[in-house]
Amino acid sequence: MIDPGLCASCVHAKRVASRRGSTFVLCSAPGLPKYPQLPVRTCASHEPAKKKKD
Ligand code: SF4
């Protein structure tokens with residue numbers, strides 16, 4: 001997968017795999033494109049996702 005940039009650590013991002021094997025980001029933040037062009041380097045709606053405990 002290409003570097004998703006900020007989306008990699010964002011609570012609004014969901015990684016989706018296509019049938020062809022590529023992966024991309026589905027963004028659930030309101031008012032933004034559903035499929036942002038990666039890598040996202042600046043985003044006003046970025047919210048850090050909480051890290052999961054192992
Ligand atoms: S809000 Fe911004 S950083 Fe978060 S998933 Fe959407 S485009 Fe990526």
Side-chain angles (χ1 to χ4, degrees):
M1 179 182 183
I2 64 166
D3 174 18
L6 282 175
C7 299
S9 62
C10 182
V11 71
H12 298 296
K14 185 178 173 189
R15 288 189 185 204
V16 180
S18 74
R19 285 186 188 172
R20 289 184 177 182
S22 58
T23 53
F24 50 96
V25 167
L26 179 62
C27 173
S28 62
L32 292 178
K34 270 191 171 179
Y35 301 103
Q37 187 163 357
L38 304 180
V40 172
R41 294 296 179 209
T42 58
C43 180
S45 298
H46 175 259
E47 282 184 50
K50 289 179 185 166
K51 288 188 177 174
K52 290 179 188 168
K53 288 185 180 176
D54 291 322

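Only heavy atoms go into these numbers, but all of them, side chains included; no hydrogens, no water, no symmetry mates. As the structure lists them, so they are numbered: ligands from 1, and atoms in each ligand from 1. Counting begins at 1 with the first residue of the sequence.
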State the atoms of ligand 1, each with its element, that fall below the 4.0 Å cut-off from a heavy-atom position in S45.
1 (S)
If you take all heavy atoms of A17 and F24, which pair is closest and at what distance?
C-CE2, 4.5 Å
Kindly compute the distance separating CG (L6) from NE2 (H12), expressed to the nearest 0.5 Å.
12.0 Å
Of all the non-hydrogen atoms in the protein, which one sits nearest to atom 6 (Fe) of ligand 1, and at what distance?
C27 SG, 2.3 Å
Here the atoms of ligand 1 under 4.0 Å from any heavy atom belonging to A13 are 5 (S)
Report, in ascending order of atom number, the atoms of ligand 1 lying under 4.0 Å from any heavy atom of A29.
1 (S)
Between C7 and P36, is there a side-chain heavy-atom distance shorter than 4.5 Å?
yes
Atom 4 (Fe) of ligand 1 to nearest N/O/S of H12 less than 2.8 Å
no
Tell me, which protein residue and heavy-atom name are nearest atom 8 (Fe) of ligand 1, and how many Å apart are they?
C7 SG, 2.3 Å
Atoms of ligand 1, numbered as shown, that sit under 4.0 Å from any heavy atom of C43
1 (S), 2 (Fe), 3 (S), 7 (S)
To check your reading of the model: name the closest protein heavy atom to atom 4 (Fe) of ligand 1, its residue, and the distance in Å.
C10 SG, 2.3 Å
At a threshold of 2.8 Å, where the distance has to be below it, does atom 6 (Fe) of ligand 1 have an N, O or S atom of H46 nearby?
no
Is the closest side-chain heavy-atom distance between L32 and C43 below 4.5 Å?
yes
How far apart are the closest heavy atoms of H46 and S9, and which atoms are they?
NE2-OG, 3.1 Å
Check whether any side-chain heavy atom of L26 lies under 4.5 Å from a side-chain heavy atom of Y35, and answer yes or no.
yes
With a 4.0 Å heavy-atom cut-off (strictly under), which part of L32 contacts ligand 1: side chain, backbone, both or neither?
side chain
Start with the C-alpha gap between E47 and V11, add the side-chain angles, then the distance that decides, and say whether side-chain contact (heavy atoms from CB on, under 4.5 Å) holds.
CA-CA 6 Å; E47 282 184 50; V11 71; 3.5 Å; yes
